[in-house]
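Each chain gets a letter, A, B and so on, in the order the sequences are listed, and its residues count up from 1.
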Protein chains: 2
Amino acid sequence: MQDVFSKLGPLIIASRLKRMSDYIMRAGAEFYNSNGVDFEPKWFPLYYLLSHEKELGIMDIAQKLNISHPAVIQLAKELEKKGWVTSTKSKEDARKRLLKLSKKGISFLPQLQLIWDDIREVNRQVVESQSTNVLNALEEMEVFFASKSYTERMKEYQESKK
Amino acid sequence: MQDVFSKLGPLIIASRLKRMSDYIMRAGAEFYNSNGVDFEPKWFPLYYLLSHEKELGIMDIAQKLNISHPAVIQLAKELEKKGWVTSTKSKEDARKRLLKLSKKGISFLPQLQLIWDDIREVNRQVVESQSTNVLNALEEMEVFFASKSYTERMKEYQESKK
DNA sequence: TATATTTGCGTAATCAATTACGTAACTAAT
DNA sequence: ATTAGTTACGTAATTGATTACGCAAATATA
């Protein structure tokens with residue numbers, strides 16, 4: 001047994017979640033690549049979001065994607081460079097820069113949709129093959145921590161020991 | 001509903017895994033801190049490993065922890081700076097630098113154990129409160145992909161469509 | 001209307017980890 | 001003993017994301 005951590009159980013939930021995430025991300029990148037599609041997994045959230053909304057400001061996006069606004073700027077810069085995204089200054093609020101898919105970005109969508117469908121399908125198969133469904137488990141955790149944070153639970157446990 | 005992604009289901013398993021991992025990591029850091037313990041979550045795997053083995057080479061550690069060897073060197077450097085880890089050249093193989101906990105590192109262990117016990121316990125509570133156990137789900141995924149990789153499954157699915 | 005506060009965005013610095021590459025030591029084959 | 005190949009390690013460059021900071025526009029308040 002090379003791997004020390006599977007045994008460690010609850011202590012390293014976070015590490016195992018991260019490891020699995022990295023693994024799937026990496027495989028995703030490979031998949032785009034082997035299909036000859038010039039696209040990276042990290043672009044998906046922003047691209048997908050913009051494909052469903054007309055235009056959005058940087059901060060809106062950051063909130064919706066749950067990432068920092070500099071991250072949005074960074075990703076947007078890359079997608080603008082690819083020509084898939086353009087931006088305009090908001091008329092109502094001159095501070096805002098609104099992002100949206102360009103024509104080129106929209107015309108790329110059908111090709112992406114095909115890949116996304118494949119990914120979705122395989123992921124569905126993975127999840128359905130599980131006797132313990134990881135998406136349900138995640139969903140449950142999210143709800144659990146939304147009602148009372150991890151940190152609060154830590155505090156309470158330590159109080160209860162006194 | 002601000003958050004677009006809970007709805008996206010299987011397509012973004014990876015992002016959700018990562019998000020949950022980050023969340024727990026962050027809370028962990030806060031926890032060490034609020035207990036006045038000068039320790040960071042990222043140090044845990046190496047520290048814990050060294051506390052269970054006498055001494056190990058860089059590559060051994062990288063394999064066991066499933067991280068790159070430069071990452072090990074980096075972490076080791078930090079722990080050496082803290083005075084918790086020392087290294088010696090291997091007698092059998094002059095290329096190897098063996099890492100182990102220093103006396104100071106060993107004497108710090110009991111304090112860490114207390115914290116780790118608390119973390120373990122709260123994590124156990126979290127997991128046990130779940131009707132769908134996230135650790136079991138992860139375990140299952142790991143076994144699943146070990147038997148046939150994600151990439152292979154992708155290929156097979158695409159073949160099957162033809 | 002003037003002033004203070006908040007909000008949206010951009011840049012810079014930083015962080016954690018990776019890949020790529022170079023060097024030295026070991027091993028195997030001739 | 002030489003040469004070729006592999007292994008262990010270290011450094012540098014890159015990646016992807018964060019926090020910190022500052023400016024300008026908008027909003028609230030006196």
Side-chain angles (χ1 to χ4, degrees), chain A residues 14-15 17-30 33 39-47 55-82 85-100, chain B residues 14-30 33 39-47 55-82 85-99:
Chain A
S15 303
L17 289 168
K18 178 168 189 306
R19 183 199 294 187
M20 184 56 71
S21 165
D22 287 349
Y23 175 76
I24 298 177
M25 279 292 201
R26 202 180 308 271
E30 220 179 297
N33 212 268
F39 198 79
E40 299 181 25
K42 63 170 169 165
W43 293 332
F44 171 75
L46 178 53
Y47 208 106
E55 44 182 20
L56 285 170
I58 306 285
M59 289 305 291
D60 288 340
I61 295 171
Q63 271 196 351
K64 281 183 198 282
L65 300 187
N66 213 32
I67 58 180
S68 68
H69 82 267
V72 176
I73 293 169
Q74 180 73 15
L75 291 170
K77 210 173 271 176
E78 294 174 26
L79 296 185
E80 287 176 289
K81 199 170 175 183
K82 287 282 180 184
V85 163
T86 54
S87 69
T88 53
K89 250 200 160 59
S90 165
K91 299 259 158 98
E92 297 88 50
D93 187 337
R95 294 168 304 176
K96 281 195 181 178
R97 183 163 73 95
L98 300 174
L99 298 182
K100 66 176 174 190
Chain B
S15 304
R16 288 179 75 185
L17 289 168
K18 178 166 191 303
R19 183 199 292 189
M20 185 54 74
S21 166
D22 287 348
Y23 175 76
I24 298 177
M25 279 293 199
R26 202 180 306 273
E30 221 179 294
N33 212 270
F39 198 80
E40 299 181 25
K42 64 170 170 164
W43 293 333
F44 171 74
L46 178 54
Y47 208 105
E55 44 181 22
L56 286 170
I58 306 287
M59 289 306 291
D60 288 340
I61 295 171
Q63 271 197 351
K64 280 182 198 281
L65 300 187
N66 213 33
I67 59 180
S68 69
H69 82 268
V72 176
I73 293 170
Q74 181 72 13
L75 291 170
K77 209 172 271 175
E78 293 173 25
L79 296 185
E80 287 175 288
K81 198 169 175 183
K82 287 283 182 183
V85 163
T86 54
S87 70
T88 53
K89 248 200 162 61
S90 165
K91 298 259 159 97
E92 296 90 50
D93 186 338
R95 292 169 305 178
K96 281 194 181 179
R97 183 164 73 95
L98 301 173
L99 298 182

Query raised in the report: Is B/Ile67 close to B/Leu75 at the side-chain level, that is, under 4.5 Å between some pair of heavy atoms?
Result: yes
Requested in this report: Find out whether A/Ser15 and B/Met25 are in side-chain contact, i.e. whether some heavy atom of one side chain is under 4.5 Å from a heavy atom of the other.
Outcome: yes
Query - 5'-most by nearest nucleotide on DNA chain D - A/Ala94 or A/Ser68 - result: A/Ser68
Distance, rounded to the nearest Å, where [X] contributes [atom1] and [N] contributes [atom2]:
X	N	atom1	atom2	answer
B/Asn66	C/dA16	CG	C1'	16 Å
B/Glu80	D/dC9	CD	C1'	13 Å
B/Gln74	D/dT14	CD	P	17 Å
B/Glu40	D/dT18	CD	P	18 Å
A/Lys18	D/dG16	NZ	P	13 Å
B/Lys89	D/dC9	NZ	P	10 Å
A/Asp22	C/dA16	CG	P	16 Å
B/Ile67	C/dT19	CD1	P	12 Å

Query raised in the report: Of A/Arg97, A/Lys96, A/His69, which is the lone residue that meets side-chain contact (heavy atoms from CB on, under 4.5 Å) with A/Met59?
Result: A/His69
Requested in this report: For the pair A/Lys18 and A/Asp22, find out whether any cationic side-chain nitrogen is under 4.0 Å from an anionic carboxylate oxygen.
Outcome: yes
Requested in this report: Over all heavy atoms of both residues, which pair between A/Ile58 and A/Leu99 is shortest? Give the atoms and the distance, please.
Outcome: CD1-CD1, 4.0 Å
Query raised in the report: Is the number of heavy atoms from other residues, nucleotides or ligands under 6.0 Å of A/Lys42 NZ greater than 12?
Result: yes
Query raised in the report: In B/S/- notation, 5' to 3', how is nucleotides 3-15 of chain C contacted by protein heavy atoms closer than 4.0 Å?
Result: ----BSBBB----
